[in-house]
Student: 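Okay, here's the structure, questions in a sec.
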Amino acid sequence: MASDPAADPDSGSTYPAERVAELRAAIAGHAAAYYERDDPEIPDADYDQLLRELADLEEAHPELAAETSPTQRVGAAPNAAFSPVTHTLAMMSLHNAFDIGELQGWQARMQRRLEGRAPERFAVELKLDGLAISLRYQDGALVQGATRGDGRVGEDVTHNVRTISDIPERIVGAPPVLEVRGEVYMKLSSFKTFNDLQVAEAQAAGKEPKLYVNPRNTAAGSLRQISAEVTAGRDLSFFCYQLSLVEGGPELRTHSESLEWLGSLGVPVNEHTRTPTTMHEVEACVEELANMRHDLDYEFDGVVVKVDDLALQAELGADAKAPRWAIAYKLPPEECTTRLVDIEVSIGPSGQATPFAILEPVFVGGVTVATATLHNEDQVAAKDVRPGDTVIVRRAGDVIPEVVGPVLSERPADAARWQFPVDCPVCHHRLVRNEGAAATNCVNFGCPRQIRGRIEHFAGRTAMDIEFLGEKNVDRFVSAGLIGDVSDLYRLDFDKVLEMPGFQEKSVNNLRAAIEHSKSRPLGNLIFGLRIPEVGQVNAALLASSFRTMERIMDASVEDLAAVEGFGPVIAEAVHGWFADPRARALIGRLADAGLTMEAEASGLKAEQTLEGVSVVVSGTLAGYSRDGATEAILARGGKSPASVSKSTLALVIGTDPGASKVNKAEALEIPVIDEAAFVELLKTGELPGRTATADRHGELPENGPKGPT
DNA sequence: ATGCCTCGAGCTCA
DNA sequence: CTCGAGGCAT
C-alpha cells in the first residue's frame, strides 16, 4: 500500500477524470481499513487531504460527481439499511430433482414444450450453500445489494455487501447498467477461524462461548447486521451465478458466455462450471461435481443444471415458482434437524464418562443416526443442548455424526439445562471431575466396566496380543466371575469355560494356547498392557529398554524415571505413582509367578546403528516387511519411527496404498518420499539413495481419483 | 511461546 | 486412521 500512487498527491494524473477515479479508489481502500477493520493505513490528516482534493475536483467538474462518491457517503449513517427493494426481475427459486430420473423428466418436459427441439448445450454449476443476493452497478459503481426476500421484494443490504472483499466496489469497463446475482457464502476455513475466535474471546472474558452453528447461518446472520463493521469481521465470500440485467453490454448468446464475460470484468465466478451438450454428459458432470463435495473450502447442497442458450431460456420462460430452463439436483442432506430425546452417559473402558445424545433417528449424510457423542460436560454446556430440544445433526462425508446445536426457536418452555449425572451408571460410585480436566471419570477400581476395559486392553493386539480373547469373551468371563484382573487369565479354569455355551474342546484349546503364548511377549508389551497413565506403546518400550527389568522399573525413583529421554515430571510421577500402589505390585508378583517375561530381551549382537538419532516414517504395505517389522527394523538400527511425518523426519517410506495425509505432508515439508528398495538401502547404509521416489512420482500424485467408494 | 511428539478416544473398513 | 489434548524440549 505504501507504493499506492493515489496516496501520494504529487504523483497525481494530469486528467481530472482519471485523478477522480484514483482518489475514489484510494479513499475507498483507506475507508475500509479505517471503518471496517479498525486498522487505519494512513494518518487521518492525509486521508482528509485526499478527501478534500476529491471534493474540490468534483466541485470544479460537476460532470464527474457521482452519487456513489465517497464525498457523498463518508460518515453517513446507513439509514437505507434493510429498506425494501423491489427486484427488477423476480428472484425465483428453482425446481428440484432428487435423482437422475427426475433430471431426465425435466429434460423430457422441456423437449415437449419445445416441440421436439432439444437444448444444444447446458451449463452445470455448483449450488452453493449460502444466501442469494442481487447486486446493481451503475456506470461500474456498486449502488445496491439486496437479499432475495420473497423473490419479488428483498432487503437493502448495500452497506454490508460493500464489506465483502470478493465483491468489487467498482467494475472497470462495465456497461451503464449491470445487475448480477450470486451467492454470499462463508468459507469453511473462515467459519472455523471465526468460531475459534468466539471461543478465545469468551475464554478471555471468562464467559461461555456462543458457537455458531454452520457457515450458512453465520453468513446469513452476518448480512443482517445493522453495523457494517460487524459484517466486515466475518470474512464472507461471493460467487456470481447469473447476469440478470445489462444495458449497453456486449452481445451475449449463452449463459456461460455471460459468466465468462462477468469473470473477465473481475466479478468472481465459480471455476467449477461445465458445459455439456447431451443429457448423458450432463449426468456425468452432475456426478463429477457432486463428488467434489468434501474437497472444497465451501459447502454446496446441490448442482444446478441450466439451459445455456439465452434465447431458449426466454422461450421456455417460468411457471409460478421457478424458471423452466433450470433445475437443482439436490444432494442428500448432510445436516438436518431432529429431536434430542435424552442425554445419557456411557462409561468407557478407562472409566471415562462420556455424555451422548439419544436422537430421534434421522437419515443424514447417507446413514441413519440415532446417537451422537457430546464428548464432555463443557461441550454440552457450550452447545447448550437440552433434552427435548430440536437439534441440528450433521454428518459430512466420513466425519463422525455430530450434534451441532439447538434450534432455539423450537425449544420447549420446560427444557432445562442438562446436569451431568452424579453417579456412575455402571457401578453407581461417585463420578469425579478433576480440576482443570475436561473429562469426568468413574474412579472406582472395581467398576465392572473398567475391569473389562483393563483386560481387553491387556489382551489387545498392540499389547499381549491374546487371540480369541476379544471384547465378547472378556465380558463373558468377567460376568461369569472367572476373571477379575489380568493375572487371572493365567489361571483361568478351562473346565468352566468348556461348560459355557459356544465353547467346545477345540476353541478352548485354542484359547489356552493363545494365553500360554502371550507369556513370552516382550517386556515393553507387558508394560503397555498394564495401562499405566501416560504410558503408551512408545513410553512402555522406553521403560523396558532403559531399565531392562520390571523389578528395576518398580524400584525406580521419580528422578530415575525423569532421566529417561522424553520423560518429564508428569510421566515420571504417573509411572512412580502407579507402581507405588500395593495392588499393582501384587499384580506384578502374580504375573511374574505365572511365568511372564519380566526382562528385556538380551539384545545380543545388534544390527549396525545406521539410523542413530533419525526418524523414518512408514506408510502403506511393504512387500518384505510387516507393519511392525518395518518399525522394528528402524528401531533396531537406532532410529525412531513415529506415526506421522514432521520436519524432523528423514524420509517417508511408502508401500502400496500409502496414507494420503502422510504423503501430502511429506511433499509439503519437502521430506524425501522413498520406495521399499530405497528403504532397504537406507537401513543398510543409513544413506538415502540418490534418486528418490518423490522425483519419480512428481506430477502423478495430484491426480488422485475420486475418493468415493468404488 | 513454539513445535514436536505421545496418549487416548472414537470410528471405519476389510 | 484421525483428531484433540497435553507433555516435553527448545
Student: Please report the distance, rounded to the nearest Å, between CG in N539(A) and P in dG8(B).
Tutor: 9 Å

Student: So does T354(A) get a side-chain nitrogen or oxygen closer than 4.0 Å to the phosphate oxygens (OP1/OP2) of dG10(B)?
Tutor: yes

Student: In this structure, how many angstroms lie between the P atom of dG8(B) and the CD atom of E456(A), rounded?
Tutor: 16 Å

Student: dC11(B), dA9(B), dC8(C): which one has an atom nearest the side-chain heavy atoms of T373(A)?
Tutor: dC11(B)

Student: Using the side-chain heavy atoms of Q352(A), tell me which of these nucleotides is nearest: dG7(C), dC8(C), dA9(B).
Tutor: dA9(B)

Student: ring-ring contact (aromatic ring centres under 6.0 Å, His included) for F528(A) and H457(A)? Distances and angles first, verdict last.
Tutor: CA-CA 9 Å; F528(A) 175 57; H457(A) 172 79; 4.7 Å; yes

Student: Contact class for P349(A) vs. all strands (heavy atom < 4.0 Å): base, sugar-phosphate, or nothing?
Tutor: nothing

Student: What is the separation between atom CZ on R454(A) and atom C1' on dG8(B), rounded to the nearest whole Å?
Tutor: 17 Å

Student: How long is the line joining CG of L374(A) and C1' of dC11(B), in whole Å?
Tutor: 16 Å

Student: What integer distance in Å separates L650(A):CG from dC4(B):C1'?
Tutor: 16 Å

Student: Phosphate oxygens OP1/OP2 of dA9(B): is one of them under 4.0 Å from a side-chain N or O of S350(A)?
Tutor: yes

Student: Whether the D560(A) and S557(A) side chains hold a donor-acceptor pair (N or O, under 3.5 Å, no angle test) is what I'd like checked.
Tutor: yes

Student: Quiz question: by atom type and distance under 3.5 Å, do the side chains of S487(A) and R590(A) form a donor-acceptor pair?
Tutor: yes

Student: Grab the CD1-C1' distance between I654(A) and dC1(C) for me, whole Å please.
Tutor: 18 Å

Student: Would you verify whether the NZ or CZ of R583(A) falls within 45 degrees of the ring axis of F445(A) while also being under 6.0 Å from that six-membered ring's centre?
Tutor: yes

Student: Which whole-number value in Å describes the distance from R531(A) CZ to dA9(B) C1'?
Tutor: 10 Å

Student: Can you tell which of dT6(B), dC11(B), dG7(C) lies closest to the side chain of V538(A)?
Tutor: dT6(B)

Student: For D301(A), is there an ion pair with R293(A) - N to carboxylate O distance below 4.0 angstrom?
Tutor: no

Student: Using atom CD1 of I571(A) as one end and atom C1' of dA5(C) as the other, report the distance to the nearest whole Å.
Tutor: 14 Å

